[in-house]
K.L.:
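There's a structure below that I have some questions on.
Order of appearance sets the numbers: ligands from 1, and atoms from 1 within every ligand.
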Amino acid sequence: MAKTFYITTPIYYTSGRLTIGHSYTTIICDVIKKYKENRGYDCFFLTGSDEHGQKVQEEAKKKGLTPKQYTDELVVKCKELWKLLKIDYDKFIRTTDDYHESTVQKIFSEYIKQEDVYKSSYEGWYCTPCESFWTETQVGEEHLCPDCNRPVHKETEESYFFKMSKYSDFLLKYYEEHNGFIEPISRQNEMVSNFIKPGLEDLCVSRTSFDWGVKVVEDPKHVVYVWIDALSNYITALGYKQDNHELFDKYWKNDEDHEILHVVGKEITRFHCIYWPIMLKALDLPLPTKIIGHGWVLMRGAKMSKSKGNVVYPEPLIERYGLDALRFFSACCVPFGSDGQFTPELYVDNINTSLVNNYGNLVSRTISMIDKYFDGIIPTNYGNFTNFDKELVEEMKNSKDRYEKLFDKYNISDAFKEVFDLLNKGNKYIDDTKPWELAKDENKKAELASVMNNLAMLIKEATILLSPVLVESAPKVYEAMGIKDTSYDHILDLNTIENNKVTKISPLFPRLDTKVEYEFIDSMMK
Ligand code: MSP
C-alpha cells in the first residue's frame with residue numbers, strides 16, 4: 001500500500017482579490033503534492049475559503065449583499081484563479097458548507113461538555129481586520145495591532161473561552177519530542193519564548209458582536225470565533241464526526257506511513273502551532289506531522305498593500321510571461337521558509353537566466369544536434385569516452401540524490417537549485433565535448449552518440465525533477481523528445497530515450513527584453 005500524504009493550504013479569506021502572495025502559498029502546496037506523487041505517495045490536497053466573521057459581514061453590507069452572496073462571488077473567483085494556476089487540489093472546502101458548520105458545532109459542544117470551553121467575559125483590544133484580541137502589552141502605547149499595525153479598539157464581551165493554559169505542558173513536551181514538528185525551527189523558538197513560556201492565555205472562542213458565523217448550539221447568541229471554525233476545516237473536510245468518514249480514517253494519521261503537512265504563512269503560524277495542536281489533543285486526535293511557516297513575498301522589501309500601491313496580481317503576470325514562469329518564480333526563486341523579494345528585475349532576470357538560457361536553450365540546442373547528426377533519432381549510449389562523460393553521468397545521479405534529500409526536508413527552493421545547477425553543467429558539457437568537432441570525424445561517431453544520449457538523458461531527468469513546477473513546459477519537452485515513460489522510478493533508464501524520435505519545437509521561453517519588461521511590471525505595481 002502506498003504511503004499517504006495529506007497536504008493543506010490555509011483557507012483563504014473571502015474579503016478581496018487574491019494576490020501573488022496568496023498564489024505563492026497555493027503554488028508551493030501544489031508543487032509539493034506533485035513531487036510526492038512523483039515519489040509514489042497517495043496524496044490528498046485540500047484548499048478552501050474562510051468565509052465567516054465580522055469583516056466579511058461588513059464588506060457584504062457595504063455592497064448591499066448578504067454575506068453568503070458576497071462570499072459566493074469571491075469563491076467563484078478564487079476557484080477560477082486556482083484553475084488558471086493549474087492547482088490540482090482534491091477538495092475545496094468552504095466554511096459555509098453545511099457539513100462543516102454542523103461538525104464545528106459538534107466539536108464545540110464536545111469542548112463544552114468536557115469543560116475545555118467555559119463561559120466568562122472578556123475585555124481587550126480588538127483588531128477588526130484581523131479579528132483578533134490583543135493584550136495591553138501587545139498593542140503598546142499607540143494601540144496598534146501587532147500583526148497589521150492598524151489601530152485597535154477596546155471591546156468587552158460575554159464569551160466562551162478555551163482553556164489553552166491547561167495544555168501548555170503537553171505542548172512544550174510535544175515540541176521537544178517531535179523534532180521537525182514546526183519548520184523552520186526559528187518559528188518554533190518564537191512560539192516557545194513569545195507565547196508558551198510567558199504563560200498561555202485562555203483563548204476567547206466565541207463572539208456576540210456579530211452573527212455571521214457558526215452558532216453555538218447551547219447558546220445561539222454566540223457564534224464560534226473564526227479560528228476554531230477555520231482550523232477545524234482540516235478535519236471536517238475529511239469527514240470527521242460525519243457519516244462518511246472514509247477520507248478521515250485514511251488520511252488523518254501520523255506515523256511512518258502517513259504524513260500530514262500544513263503549509264501556512266508566518267503570520268498565522270501561532271494559530272497553527274499552538275491552538276490547533278491543542279484543539280486536536282482535546283479531541284484525542286493525532287497531531288499533524290509538520291507545520292511549515294513560510295515567509296512572505298515582499299514587494300521591494302515591503303509588505304504588499306493597496307495603500308502602498310505595490311500589489312501584484314497573478315493574472316496579468318501569467319498573461320504576459322506564462323504560467324510556468326510564475327510557478328517557477330514562486331517555487332525556485334523565493335528562499336523557502338524565509339522572506340523573499342518580488343521586484344521586476346528579479347522576476348525578469350530569473351526567467352532569462354534559468355528558464356530561457358539554462359533550460360530552454362539546452363533543450364533546443366540538443367534537439368537541433370540530434371536532428372542534424374543522427375537524423376532526429378536519439379542514439380545509443382556507447383559508454384563513457386572522456387572524463388567529461390564520466391563526470392556528467394555521475395553528476396546526473398548525484399543531483400537526483402541531493403534533490404531528493406533537500407525536497408524531503410522541504411528545502412524546496414534549494415532542491416530546485418540542484419536542477420538548475422545540473423542544467424548549467426549540461427550546457428558546459430556541450431562546450432567541453434564540442435560535438436560539432438566530433439561530427440567531422442567518422443571515427444568519433446560512437447563518442448558523439450554518447451554525448452547526444454547523455455544530453456537527452458540530462459534533459460529528461462531535469463524535466464521530471466522540474467515537472468512539479470513546469471506544468472506546461474514539461475509535457476512539451478517529453479513530446480519533443482519522444483519520451484513516453486515519464487515515471488520518476490525510471491528517471492535514468494536508458495531505454496526510455498534510446499531510439500526516440502525528436503521533433504523541433506519553438507523556444508520554450510522567449511528571451512525577455514529586460515528594459516521593456518522591467519517597465520511593464522513596474523507599471524503593474526502602481
Ligand atoms: N483565513 C486565514 C487562514 C485560516 S487557515 C485555518 C488567512 N487567510 S489569508 O487569506 O489572509 O491568507 C492565506 C495565506 O496567504 C497565508 O498563509 C498568508 O501568509 C498567505 N499570503 C498572503 N500574502 C502573502 C505574501 N505576500 N507572501 C506570502 N504569503 C502571503 O490567513
Side-chain angles (χ1 to χ4, degrees), residues 7-30 46-56 59 71 74-75 77-78 81-82 85 87 92-96 100 104 107 127 129-132 145 147-148 187 213-214 224-237 260-277 279-280 288 291-306 308 310-314 317 326 329-331 333-343 412-413 525:
I7 180 163
T8 67
T9 68
I11 46 173
Y12 296 91
Y13 286 130
T14 43
S15 50
R17 188 171 164 194
L18 297 173
T19 67
I20 62 163
H22 303 107
S23 70
Y24 171 76
T25 311
T26 315
I27 288 173
I28 291 291
C29 290
D30 190 56
L46 177 73
T47 190
S49 51
D50 190 354
E51 304 183 25
H52 292 130
Q54 193 168 2
K55 196 170 166 203
V56 169
E59 289 293 318
T71 59
L74 287 163
V75 166
K77 291 201 179 119
C78 177
L81 177 59
W82 298 158
L85 296 175
I87 303 296
F92 190 103
I93 184 172
R94 299 182 57 176
T95 51
T96 49
H100 172 79
V104 168
I107 292 173
C127 173
C130 296
E131 290 166 337
S132 290
C145 170
D147 262 359
C148 72
R187 306 226 192 278
V214 178
V224 175
Y225 165 57
V226 278
W227 278 100
I228 295 264
D229 170 17
L231 288 162
S232 317
N233 92 88
Y234 300 131
I235 51 176
T236 63
I260 302 168
L261 174 67
H262 297 310
V263 178
V264 302
K266 65 178 183 181
E267 81 285 14
I268 54 173
T269 41
R270 175 165 67 105
F271 302 101
H272 285 82
C273 299
I274 297 181
Y275 304 136
W276 179 227
M279 283 170 61
L280 287 166
I291 299 153
I292 300 182
H294 66 68
W296 284 333
V297 182
L298 299 173
M299 303 290 131
R300 289 207 186 90
K303 213 178 162 204
M304 243 185 287
S305 83
K306 280 195 187 143
K308 285 191 205 118
N310 63 355
V311 184
V312 174
Y313 298 104
L317 278 182
L326 179 64
F329 187 83
S330 306
C333 308
V334 178
F336 191 58
S338 331
D339 286 346
Q341 296 289 339
F342 178 95
T343 65
I412 299 168
S413 44
M525 292 173 85

K.L.:
Can you sort out the partners of His100 under side-chain hydrogen bond (donor to acceptor under 3.5 Å, both in side chains), two or more places apart, ordered by chain and number?
P.N.:
Asp229, Thr236
K.L.:
Measure from NZ or CZ of Arg300 to the centre of the six-membered ring of Phe342 and say whether it is under 6.0 Å with the direction within 45° of the ring axis.
P.N.:
no
K.L.:
Please evaluate residues Ile7 and Val263 with respect to the criterion side-chain contact (heavy atoms from CB on, under 4.5 Å), reporting the C-alpha separation (whole Å), side-chain torsions for both, the decisive distance (0.1 Å), and the verdict.
P.N.:
CA-CA 8 Å; Ile7 180 163; Val263 178; 4.3 Å; yes
K.L.:
List, ordered by chain and residue number, the protein residues whose closest non-hydrogen atom lies under 4.0 Å from any atom of ligand 1.
P.N.:
Pro10, Ile11, Tyr12, Tyr13, Gly21, His22, Tyr24, Thr25, Asp50, Trp227, Ala230, Leu231, Asn233, Tyr234, Val264, Gly265, Glu267, Ile268, His272, His294, Gly295, Trp296, Val297, Met304
K.L.:
Please work out which of the three classes, parallel, tilted or perpendicular, describes the rings of His272 and Tyr234, given edges at 30° and 60°.
P.N.:
tilted
K.L.:
If we count only N and O atoms by modelled type, under 3.5 Å, do the side chains of Tyr313 and Ser23 hold a donor and an acceptor together?
P.N.:
no
K.L.:
If you measure from CD1 on Ile11 to CG on Asp50, what distance do you get to the nearest 0.5 Å?
P.N.:
4.0 Å
